[in-house]
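Just below is one structure, and these are the notes that go with it.
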Number of protein chains: 2
Amino acid sequence: MYSIGDLSRRTGVKVPTIRYYEQMGLLQAPERTQGNQRRYGKSGLARLGFIRHARDLGFSIEAISALIGLQDHPDHSCEPATSLARTQLEDVRSRIRRLQSLEVELTRIAEGCQGDGRSSDCYVLDSLASHEFCTSDHKGGAGL
Amino acid sequence: MYSIGDLSRRTGVKVPTIRYYEQMGLLQAPERTQGNQRRYGKSGLARLGFIRHARDLGFSIEAISALIGLQDHPDHSCEPATSLARTQLEDVRSRIRRLQSLEVELTRIAEGCQGDGRSSDCYVLDSLASHEFCTSDHKGGAGL
DNA sequence: TCTACTCTCTCTAGTCACTAGAGCTTCAAG
DNA sequence: CTTGAAGCTCTAGTGACTAGAGAGAGTAGA
(Lines give C-alpha, C1' and ligand atoms only; values in the text may rest on other atoms or scores of the structure.)
Protein backbone atom coordinates (compact mmCIF):
# COMPACT_ATOMS: atom_id res chain seq x y z
CA MET A 1 0.00 0.00 0.00
CA TYR A 2 1.28 3.42 -0.97
CA SER A 3 0.54 6.76 0.65
CA ILE A 4 -0.06 9.73 -1.61
CA GLY A 5 3.52 10.85 -0.93
CA ASP A 6 4.89 7.45 -2.02
CA LEU A 7 2.95 7.73 -5.27
CA SER A 8 4.29 11.20 -5.76
CA ARG A 9 7.90 10.10 -5.30
CA ARG A 10 7.48 7.09 -7.59
CA THR A 11 5.80 8.93 -10.45
CA GLY A 12 7.12 12.47 -10.10
CA VAL A 13 3.59 13.85 -9.92
CA LYS A 14 3.14 16.36 -7.11
CA VAL A 15 0.83 15.52 -4.23
CA PRO A 16 -1.75 18.29 -4.88
CA THR A 17 -1.78 17.28 -8.54
CA ILE A 18 -2.66 13.70 -7.60
CA ARG A 19 -5.58 14.95 -5.56
CA TYR A 20 -6.56 17.16 -8.48
CA TYR A 21 -6.58 14.17 -10.83
CA GLU A 22 -8.82 12.33 -8.40
CA GLN A 23 -11.17 15.29 -8.29
CA MET A 24 -11.24 15.38 -12.10
CA GLY A 25 -12.18 11.71 -12.20
CA LEU A 26 -8.94 10.51 -13.83
CA LEU A 27 -7.89 8.58 -10.78
CA GLN A 28 -10.33 6.42 -8.83
CA ALA A 29 -10.80 7.49 -5.22
CA PRO A 30 -8.64 5.02 -3.28
CA GLU A 31 -9.22 3.32 0.03
CA ARG A 32 -8.68 5.37 3.15
CA THR A 33 -7.08 4.60 6.49
CA GLN A 34 -9.13 5.00 9.65
CA GLY A 35 -7.56 8.45 9.89
CA ASN A 36 -8.89 9.35 6.41
CA GLN A 37 -5.60 9.18 4.54
CA ARG A 38 -5.43 7.79 0.99
CA ARG A 39 -3.86 4.37 0.43
CA TYR A 40 -3.15 3.16 -3.09
CA GLY A 41 -2.42 -0.27 -4.51
CA LYS A 42 -0.43 -1.31 -7.60
CA SER A 43 -3.26 -0.38 -9.92
CA GLY A 44 -3.37 3.20 -8.61
CA LEU A 45 0.35 3.49 -9.21
CA ALA A 46 0.01 2.12 -12.73
CA ARG A 47 -2.84 4.41 -13.63
CA LEU A 48 -1.03 7.46 -12.34
CA GLY A 49 1.99 6.42 -14.41
CA PHE A 50 -0.27 6.24 -17.46
CA ILE A 51 -1.68 9.69 -16.78
CA ARG A 52 1.75 11.16 -16.23
CA HIS A 53 3.07 9.74 -19.46
CA ALA A 54 0.08 10.91 -21.46
CA ARG A 55 0.33 14.43 -19.95
CA ASP A 56 4.03 14.51 -20.83
CA LEU A 57 3.00 13.75 -24.38
CA GLY A 58 0.67 16.74 -24.31
CA PHE A 59 -2.67 14.94 -24.11
CA SER A 60 -5.36 17.02 -22.40
CA ILE A 61 -7.10 15.83 -19.27
CA GLU A 62 -10.19 15.29 -21.40
CA ALA A 63 -8.33 13.14 -23.91
CA ILE A 64 -6.79 11.12 -21.10
CA SER A 65 -10.25 10.58 -19.66
CA ALA A 66 -11.29 9.13 -23.00
CA LEU A 67 -8.21 6.90 -23.16
CA ILE A 68 -8.90 5.61 -19.67
CA GLY A 69 -12.46 4.86 -20.67
CA LEU A 70 -11.04 2.70 -23.47
CA GLN A 71 -8.76 0.84 -21.10
CA ASP A 72 -11.70 0.10 -18.88
CA HIS A 73 -13.70 -1.37 -21.77
CA PRO A 74 -11.13 -3.60 -23.46
CA ASP A 75 -13.78 -5.36 -25.51
CA HIS A 76 -14.24 -2.29 -27.69
CA SER A 77 -12.23 -1.36 -30.73
CA CYS A 78 -9.09 0.61 -30.08
CA GLU A 79 -9.64 2.75 -33.14
CA PRO A 80 -10.55 5.79 -30.98
CA ALA A 81 -7.24 5.53 -29.13
CA THR A 82 -5.28 5.51 -32.35
CA SER A 83 -7.33 8.41 -33.60
CA LEU A 84 -6.60 10.41 -30.44
CA ALA A 85 -2.90 9.69 -30.85
CA ARG A 86 -2.99 10.84 -34.47
CA THR A 87 -4.82 14.04 -33.55
CA GLN A 88 -2.22 14.68 -30.90
CA LEU A 89 0.57 14.08 -33.38
CA GLU A 90 -0.96 16.49 -35.87
CA ASP A 91 -1.23 19.08 -33.13
CA VAL A 92 2.41 18.65 -32.14
CA ARG A 93 3.52 18.95 -35.77
CA SER A 94 1.57 22.15 -36.31
CA ARG A 95 3.03 23.66 -33.16
CA ILE A 96 6.50 22.83 -34.38
CA ARG A 97 5.84 24.53 -37.71
CA ARG A 98 4.53 27.66 -36.03
CA LEU A 99 7.40 27.80 -33.58
CA GLN A 100 9.92 27.41 -36.37
CA SER A 101 8.51 30.43 -38.13
CA LEU A 102 8.70 32.38 -34.87
CA GLU A 103 12.29 31.24 -34.52
CA VAL A 104 13.17 32.71 -37.88
CA GLU A 105 11.73 36.06 -37.04
CA LEU A 106 13.05 36.22 -33.50
CA THR A 107 16.52 35.36 -34.73
CA ARG A 108 16.33 38.20 -37.21
CA ILE A 109 15.09 40.57 -34.51
CA ALA A 110 17.53 39.52 -31.80
CA GLU A 111 20.51 39.68 -34.13
CA GLY A 112 19.52 42.92 -35.81
CA CYS A 113 20.48 44.95 -32.79
CA GLN A 114 23.60 44.58 -30.72
CA GLY A 115 22.02 46.20 -27.69
CA ASP A 116 24.43 49.11 -27.76
CA GLY A 117 22.13 51.81 -29.09
CA ARG A 118 19.45 53.96 -27.53
CA SER A 119 15.97 52.52 -27.47
CA SER A 120 14.75 55.39 -29.61
CA ASP A 121 16.25 53.56 -32.57
CA CYS A 122 16.25 50.01 -31.28
CA TYR A 123 15.75 47.41 -33.99
CA VAL A 124 13.89 45.08 -31.61
CA LEU A 125 11.28 47.69 -30.76
CA ASP A 126 10.93 48.79 -34.38
CA SER A 127 10.46 45.22 -35.48
CA LEU A 128 7.77 44.61 -32.92
CA ALA A 129 6.01 47.82 -33.83
CA SER A 130 5.50 46.67 -37.38
CA HIS A 131 4.87 43.44 -39.13
CA GLU A 132 6.04 44.61 -42.50
CA PHE A 133 9.59 43.26 -42.26
CA CYS A 134 8.44 39.75 -41.43
CA THR A 135 9.51 37.20 -43.97
CA SER A 136 6.95 34.64 -42.93
CA ASP A 137 3.45 34.87 -41.65
CA HIS A 138 3.38 33.89 -38.02
CA LYS A 139 -0.02 35.26 -37.20
CA GLY A 140 -2.75 33.40 -35.41
CA GLY A 141 -1.93 33.77 -31.75
CA ALA A 142 0.83 32.00 -29.93
CA GLY A 143 -1.18 29.25 -28.32
CA LEU A 144 1.86 27.04 -28.59
CA MET B 1 -11.04 58.47 -33.99
CA TYR B 2 -11.63 54.76 -33.73
CA SER B 3 -14.20 52.92 -31.66
CA ILE B 4 -13.10 49.77 -29.88
CA GLY B 5 -14.73 47.74 -32.63
CA ASP B 6 -12.77 49.62 -35.32
CA LEU B 7 -9.55 48.82 -33.46
CA SER B 8 -10.59 45.22 -33.21
CA ARG B 9 -11.25 44.92 -36.95
CA ARG B 10 -7.99 46.68 -37.86
CA THR B 11 -5.73 44.65 -35.58
CA GLY B 12 -7.54 41.35 -35.30
CA VAL B 13 -7.60 41.62 -31.51
CA LYS B 14 -11.00 40.83 -30.03
CA VAL B 15 -12.93 43.56 -28.27
CA PRO B 16 -12.89 42.01 -24.78
CA THR B 17 -9.17 41.37 -25.20
CA ILE B 18 -8.58 45.06 -25.89
CA ARG B 19 -10.39 45.95 -22.69
CA TYR B 20 -8.35 43.30 -20.91
CA TYR B 21 -5.10 44.85 -22.16
CA GLU B 22 -6.25 48.21 -20.87
CA GLN B 23 -7.02 46.67 -17.50
CA MET B 24 -3.55 45.08 -17.42
CA GLY B 25 -1.97 48.45 -18.10
CA LEU B 26 -0.62 47.56 -21.56
CA LEU B 27 -2.88 50.01 -23.29
CA GLN B 28 -3.44 53.52 -21.98
CA ALA B 29 -7.06 54.29 -21.09
CA PRO B 30 -8.32 56.30 -24.08
CA GLU B 31 -10.65 59.27 -24.24
CA ARG B 32 -14.35 58.59 -23.85
CA THR B 33 -17.38 59.98 -25.62
CA GLN B 34 -20.08 61.72 -23.60
CA GLY B 35 -21.80 58.35 -23.55
CA ASN B 36 -18.72 56.70 -21.98
CA GLN B 37 -17.53 54.81 -25.06
CA ARG B 38 -13.82 54.47 -25.80
CA ARG B 39 -12.36 56.49 -28.68
CA TYR B 40 -8.80 55.82 -29.86
CA GLY B 41 -6.37 57.81 -31.99
CA LYS B 42 -3.52 56.66 -34.23
CA SER B 43 -1.24 56.05 -31.27
CA GLY B 44 -3.70 53.66 -29.67
CA LEU B 45 -3.93 51.75 -32.91
CA ALA B 46 -0.15 51.59 -33.22
CA ARG B 47 0.34 50.42 -29.68
CA LEU B 48 -2.26 47.71 -30.03
CA GLY B 49 -0.51 46.56 -33.20
CA PHE B 50 2.74 46.36 -31.26
CA ILE B 51 1.10 44.30 -28.51
CA ARG B 52 -0.52 42.02 -31.03
CA HIS B 53 2.72 41.38 -32.83
CA ALA B 54 4.63 40.74 -29.63
CA ARG B 55 1.93 38.34 -28.38
CA ASP B 56 2.06 36.50 -31.71
CA LEU B 57 5.76 36.08 -31.12
CA GLY B 58 5.03 34.50 -27.76
CA PHE B 59 6.06 37.37 -25.47
CA SER B 60 4.20 37.35 -22.16
CA ILE B 61 2.08 40.27 -21.04
CA GLU B 62 4.77 40.99 -18.46
CA ALA B 63 7.53 41.07 -21.07
CA ILE B 64 5.43 43.31 -23.29
CA SER B 65 4.92 45.67 -20.37
CA ALA B 66 8.68 45.90 -20.06
CA LEU B 67 9.11 46.53 -23.80
CA ILE B 68 6.50 49.28 -23.68
CA GLY B 69 8.32 50.84 -20.76
CA LEU B 70 11.42 50.96 -22.96
CA GLN B 71 9.53 52.60 -25.80
CA ASP B 72 8.29 55.24 -23.42
CA HIS B 73 11.82 56.04 -22.23
CA PRO B 74 13.74 56.21 -25.49
CA ASP B 75 16.73 57.85 -23.80
CA HIS B 76 17.68 54.59 -22.14
CA SER B 77 19.78 51.82 -23.60
CA CYS B 78 17.91 49.26 -25.65
CA GLU B 79 20.00 46.43 -24.26
CA PRO B 80 17.08 45.15 -22.15
CA ALA B 81 14.91 44.86 -25.25
CA THR B 82 17.53 42.81 -27.04
CA SER B 83 17.95 40.67 -23.98
CA LEU B 84 14.20 40.03 -23.80
CA ALA B 85 14.19 39.04 -27.46
CA ARG B 86 17.09 36.63 -26.91
CA THR B 87 15.39 35.06 -23.91
CA GLN B 88 12.27 34.63 -25.99
CA LEU B 89 14.28 33.04 -28.78
CA GLU B 90 15.91 30.60 -26.39
CA ASP B 91 12.50 29.68 -25.06
CA VAL B 92 11.13 29.06 -28.54
CA ARG B 93 14.13 26.89 -29.43
CA SER B 94 13.78 24.75 -26.35
CA ARG B 95 10.08 24.26 -27.03
CA ILE B 96 10.90 23.13 -30.53
CA ARG B 97 13.40 20.58 -29.24
CA ARG B 98 10.91 19.19 -26.75
CA LEU B 99 8.13 19.02 -29.30
CA GLN B 100 10.37 17.23 -31.76
CA SER B 101 11.08 14.53 -29.24
CA LEU B 102 7.34 14.19 -28.62
CA GLU B 103 6.82 13.94 -32.34
CA VAL B 104 9.16 10.98 -32.57
CA GLU B 105 7.37 9.11 -29.85
CA LEU B 106 3.87 9.96 -30.99
CA THR B 107 4.70 8.86 -34.51
CA ARG B 108 5.91 5.55 -33.17
CA ILE B 109 2.77 5.18 -31.08
CA ALA B 110 0.29 6.27 -33.73
CA GLU B 111 1.83 4.07 -36.40
CA GLY B 112 2.28 1.04 -34.17
CA CYS B 113 -1.41 0.26 -34.23
CA GLN B 114 -3.67 0.26 -37.23
CA GLY B 115 -6.73 0.80 -35.09
CA ASP B 116 -8.24 -2.52 -36.10
CA GLY B 117 -7.66 -4.49 -32.93
CA ARG B 118 -9.44 -4.62 -29.60
CA SER B 119 -8.32 -2.13 -27.01
CA SER B 120 -7.27 -4.98 -24.73
CA ASP B 121 -4.13 -5.23 -26.84
CA CYS B 122 -3.96 -1.74 -28.30
CA TYR B 123 -0.44 -0.53 -28.92
CA VAL B 124 -1.37 3.08 -28.16
CA LEU B 125 -2.69 2.23 -24.72
CA ASP B 126 0.24 -0.07 -23.97
CA SER B 127 2.68 2.61 -25.00
CA LEU B 128 1.05 5.17 -22.78
CA ALA B 129 0.96 2.75 -19.86
CA SER B 130 4.71 2.42 -19.88
CA HIS B 131 7.64 4.61 -20.61
CA GLU B 132 10.06 1.78 -21.21
CA PHE B 133 9.74 1.71 -24.99
CA CYS B 134 10.52 5.38 -25.39
CA THR B 135 13.62 6.03 -27.39
CA SER B 136 14.09 9.53 -26.07
CA ASP B 137 13.44 11.17 -22.76
CA HIS B 138 10.53 13.55 -23.11
CA LYS B 139 9.86 14.04 -19.42
CA GLY B 140 9.39 17.33 -17.72
CA GLY B 141 5.79 18.24 -18.30
CA ALA B 142 4.32 19.43 -21.54
CA GLY B 143 4.26 23.13 -20.84
CA LEU B 144 4.71 23.71 -24.52
C1' DT C 1 -38.17 62.67 -34.78
C1' DC C 2 -38.91 57.93 -34.22
C1' DT C 3 -37.59 53.34 -34.59
C1' DA C 4 -34.74 49.52 -35.13
C1' DC C 5 -30.58 47.60 -34.74
C1' DT C 6 -25.90 47.20 -33.80
C1' DC C 7 -22.31 48.44 -30.80
C1' DT C 8 -20.52 49.30 -26.37
C1' DC C 9 -20.59 49.52 -21.36
C1' DT C 10 -19.53 47.13 -16.65
C1' DC C 11 -19.44 43.20 -13.99
C1' DT C 12 -19.09 38.46 -12.84
C1' DA C 13 -17.71 34.00 -13.72
C1' DG C 14 -15.60 30.33 -16.47
C1' DT C 15 -11.53 28.14 -18.99
C1' DC C 16 -7.11 24.76 -18.25
C1' DA C 17 -4.03 22.42 -15.42
C1' DC C 18 -2.41 23.10 -11.89
C1' DT C 19 -0.16 25.71 -7.45
C1' DA C 20 -0.12 27.99 -2.88
C1' DG C 21 -1.59 28.67 1.61
C1' DA C 22 -4.31 28.32 5.99
C1' DG C 23 -5.51 25.67 9.65
C1' DC C 24 -6.18 21.36 11.17
C1' DT C 25 -5.39 16.02 12.00
C1' DT C 26 -2.78 11.64 11.54
C1' DC C 27 1.14 8.76 11.19
C1' DA C 28 5.56 6.78 12.36
C1' DA C 29 10.07 6.93 14.50
C1' DG C 30 12.57 7.27 18.66
C1' DC D 1 4.56 9.77 24.72
C1' DT D 2 6.47 13.21 22.12
C1' DT D 3 7.80 15.32 18.04
C1' DG D 4 7.89 16.48 13.38
C1' DA D 5 6.81 15.18 8.85
C1' DA D 6 3.08 14.08 6.09
C1' DG D 7 -1.62 14.17 5.28
C1' DC D 8 -6.44 16.27 5.21
C1' DT D 9 -10.05 19.89 3.24
C1' DC D 10 -11.07 24.19 1.54
C1' DT D 11 -10.40 28.47 -0.76
C1' DA D 12 -8.13 31.35 -3.82
C1' DG D 13 -4.60 32.51 -7.32
C1' DT D 14 -2.07 31.87 -11.89
C1' DG D 15 -2.06 33.60 -17.30
C1' DA D 16 -4.41 35.23 -20.99
C1' DC D 17 -8.15 35.44 -22.22
C1' DT D 18 -13.54 34.20 -23.24
C1' DA D 19 -18.58 34.18 -22.37
C1' DG D 20 -22.74 35.98 -20.81
C1' DA D 21 -26.10 39.14 -18.51
C1' DG D 22 -28.37 43.24 -18.54
C1' DA D 23 -28.17 47.87 -19.50
C1' DG D 24 -27.07 52.22 -22.16
C1' DA D 25 -25.20 54.66 -26.62
C1' DG D 26 -24.71 55.46 -31.44
C1' DT D 27 -26.43 55.50 -36.16
C1' DA D 28 -29.05 54.67 -40.52
C1' DG D 29 -33.31 54.79 -42.64
C1' DA D 30 -38.53 56.04 -42.63
Side-chain angles (χ1 to χ4, degrees), chain A residues 1-27 29-40 44 48 50-68 88 91 95 98 139-144, chain B residues 1-27 29-40 44 48 50-68 88 91 95 98 139-144:
Chain A
M1 287 304 223
Y2 308 108
S3 71
I4 198 168
D6 293 337
L7 237 68
S8 173
R9 274 182 295 279
R10 280 161 187 271
T11 60
V13 178
K14 288 182 188 154
V15 168
T17 305
I18 298 174
R19 288 195 278 250
Y20 169 76
Y21 287 159
E22 180 181 323
Q23 205 185 317
M24 292 298 102
L26 288 193
L27 218 44
E31 293 174 44
R32 301 274 185 143
T33 63
Q34 282 193 318
N36 200 35
Q37 298 196 356
R38 291 167 178 83
R39 287 297 178 269
Y40 299 88
L48 184 57
F50 178 94
I51 296 167
R52 171 74 208 274
H53 194 190
R55 283 294 300 134
D56 280 350
L57 288 167
F59 287 85
S60 68
I61 296 284
E62 202 187 339
I64 296 172
S65 250
L67 289 168
I68 285 174
Q88 189 58 31
D91 189 57
R95 286 177 196 215
R98 292 184 22 75
K139 282 182 200 153
L144 312 165
Chain B
M1 285 301 193
Y2 310 108
S3 71
I4 197 168
D6 293 336
L7 238 68
S8 172
R9 274 181 295 279
R10 280 161 187 270
T11 60
V13 178
K14 289 183 187 156
V15 168
T17 306
I18 297 173
R19 288 196 277 252
Y20 170 75
Y21 288 159
E22 180 182 324
Q23 205 185 316
M24 292 298 102
L26 288 193
L27 218 44
E31 292 174 44
R32 301 274 184 142
T33 63
Q34 285 193 316
N36 200 35
Q37 298 195 357
R38 291 167 179 85
R39 287 296 177 270
Y40 299 87
L48 184 56
F50 178 94
I51 296 168
R52 170 77 209 274
H53 194 189
R55 283 292 302 135
D56 280 350
L57 287 167
F59 287 86
S60 68
I61 297 284
E62 203 187 340
I64 295 172
S65 251
L67 289 168
I68 284 175
Q88 189 58 32
D91 189 58
R95 287 179 195 210
R98 291 185 20 74
K139 282 182 199 152
L144 313 166

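Naming convention: chains lettered A, B, ... in sequence-line order (proteins, then strands); numbering from 1 in each chain. The figures that follow rest on heavy atoms only: side chains count, while hydrogens, waters and symmetry mates do not.
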Checklist line | For the student: nearest non-hydrogen atoms of A:S3 and A:R39, plus distance | finding: CB-NH1, 3.7 Å
Notebook entry, point to check: What pairs with A:Y40 under side-chain hydrogen bond (donor to acceptor under 3.5 Å, both in side chains), at least two apart in sequence or on another chain?
Noted result: none
Item checked: Earlier contact from the 5' end, DNA chain D, for B:N36 and B:E62 -> B:E62
Item checked: Rounded interatomic separation in angstrom, taking CE from A:M1 and P from D:dG7 -> 15 Å
Item checked: N or O in side chain of B:S3 less than 4.0 angstrom from D:dG26 OP1/OP2 -> no
Check: First and last nucleotide of DNA chain C touching chain B, 5' to 3', heavy-atom cut-off 4.0 Å?
Finding: C:dT8 to C:dT10
Checklist line | Separation of atom CD1 in B:I64 from atom P in D:dG15, rounded to whole Å | finding: 13 Å
Checklist line | Closest approach of B:L27 to B:G44 (non-hydrogen atoms, all atoms of both residues) | finding: CD1-O, 4.3 Å
Notebook entry, point to check: So, for A:I4 and A:I18, which heavy atoms are closest and what is the spacing to 0.1 Å?
Noted result: O-CD1, 3.8 Å
Next item on the list: Please lay out, stage by stage, how A:R95 and B:R95 fare under the test side-chain contact (heavy atoms from CB on, under 4.5 Å).
Entry: CA-CA 9 Å; A:R95 286 177 196 215; B:R95 287 179 195 210; over 6 Å; no
Checklist line | Whole-Å distance separating the CG atom of A:D6 from the P atom of D:dA6 | finding: 10 Å
Next item on the list: Return the 5'-most residue of the pair A:Q34, B:R9 with respect to DNA chain C, ranking by each residue's nearest nucleotide.
Entry: B:R9
Check: Of all residues at least two apart in sequence or in a different chain, which pass the salt bridge (charged side-chain N to carboxylate O under 4.0 Å, His left out) check with A:R9?
Finding: A:D6
All N/O donor-acceptor pairs, side-chain side in residues 57-65 of chain B, below 3.5 Å, sequence neighbours left out:
| unit_1 | atom_1 | unit_2 | atom_2 | d |
| --- | --- | --- | --- | --- |
| B:S60 | OG | B:E62 | N | 3.4 |
| B:S60 | OG | B:A63 | N | 3.0 |

Item checked: side chain to side chain donor-acceptor pair (under 3.5 Å) partners of residues 11-22 of chain B, not counting sequence neighbours, each pair once -> B:E22-B:R38
Notebook entry, point to check: Which distance, rounded to the nearest 0.5 Å, do you find between the CG of A:L7 and the CG of A:L48?
Noted result: 5.0 Å
Item checked: Strand contacts (DNA chain C) in residues 10-24 of chain A, 4.0 angstrom heavy-atom criterion -> A:K14, A:T17, A:Y20, A:Y21
Notebook entry, point to check: Between B:D91 (CG) and D:dG15 (P), how many Å, whole number?
Noted result: 15 Å
Check: Quick one: is D:dA25 close enough that its OP1 or OP2 comes under 4.0 Å of any side-chain N or O from B:T33?
Finding: no
Next item on the list: Send over the distance from B:L26 CG to D:dA16 P, rounded to a whole Å.
Entry: 9 Å
